Amino acid sequence: MEVVLLADARQVARLAADTIEATVAAKPQAVLGLATGSTPLPTYQELIRRHRAGLGPSYDQVRCFTLDEYVGLPPGHQQSYRATIARELTDPLGIPPDRVHGPDPSPEGLASAGERYEQELTAAGGVDIQVLGIGTDGHLAFNEPGSALTSLTRLKTLTAETRQANARFFGSVAAVPRHVLTQGLGTILRARHLLLLATGAAKADAVAAAVEGPLSASCPASVLQLHRHVSVLVDEEAAAGLARREHYREVYAAKPCWQGL
Ligand code: PGA
């Protein structure tokens with residue numbers, strides 16, 4: 001695991017955008033794993049800015065897979081993750097909707113939705129780079145504490161803490177769906193490169209538990225410790241709980257210039 005401490009959210013966004021662009025430049029048919037939530041938005045805005053300025057790679061051949069989706073929203077709801085990712089990233093990058101995949105929350109197919117999504121991911125050849133955020137309770141995608149470390153895409157129930165955190169998108173806690181479809185922790189571990197982004201003081205405890213705590217289903221993001229290629233990009237506030245901060249700084253400062261993330 002490589003932990004990169006950066007001054008602020010803007011620097012996190014720049015380095016994350018560099019890394020995603022490098023993946024697409026090296027493999028124009030790359031499969032991008034996309035997270036929703038607030039944390040990746042500056043990264044997505046940076047990618048869009050560069051694309052509009054003619055600086056980024058071509059996204060003509062990429063395919064995208066979202067991590068999760070709410071269950072129970074009317075089709076096309078603006079807070080559905082399908083609509084969110086289209087609005088915040090893939091439409092502005094010119095990636096057509098048929099190249100953007102997400103778990104299917106339609107009521108009649110819920111029992112098989114997880115398995116069908118796993119098949120889609122496998123058929124696409126797996127995810128090349130997976131953008132991840134982290135919940136204040138250590139959740140990864142919508143894998144709440146207690147989720148099996150080997151889990152696959154399935155229906156889950158959100159914790160009260162997560163519904164409270166997401167109420168800002170819906171106007172009230174009551175309007176936040178209780179159920180979601182989410183990639184499992186085992187699904188996420190199959191991606192070739194994991195890029196965890198965390199900014200702000202509210203994430204400091206979760207980041208410390210995920211990076212330096214014990215491997216435990218009580219902190220689902222600690223499963224990252226099992227993956228061979230994880231980059232954790234944190235601002236100073238989100239890094240505040242890390243005991244080995246100085247070591248991470250030293251490692252990054254001495255990183256060979258030929259070695260990307
Ligand atoms: P946030 O959400 O980026 O909006 O903080 C992260 C998460 O809940 O996984």
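As the structure is a prediction and not an experimental result, all values here were calculated from the model. Remember, it's 1-based here, ligands and their atoms both numbered in the order they're listed.
For the pair Glu120 and Arg63, the salt-bridge criterion is not met [side-chain N within less than 4.0 Å of a carboxylate O].
Among Arg244, Arg245, Glu246, the single residue meeting the side-chain hydrogen bond (donor to acceptor under 3.5 Å, both in side chains) criterion with Tyr248 is Arg244.
In the hydrophobic clustering of ILVMFWY residues, with side-chain heavy atoms under 4.5 Å counting as a link, Tyr81 and Leu41 come out apart.
The protein residues lying under 4.0 angstrom from ligand 1, judged by non-hydrogen atoms, are Gly37, Ser38, Thr39, Gly133, Ile134, Gly135, His139, Arg168, Lys203.
Within the structure, the ring pair (Phe, Tyr, Trp, His ring centres under 6.0 Å) test picks out the following pairs touching residues 45-69 (sequence neighbours left out): His51-Tyr59, Phe65-His101, Phe65-Tyr117.
Taking the six-membered ring for Trp and the full ring otherwise, the centers of Phe169 and Tyr70 sit at least 6.0 Å from each other.
Summarising the geometry of Pro177 relative to Leu73, their closest heavy-atom pair is CG-CD2, 3.7 Å, with the distance given to 0.1 Å.
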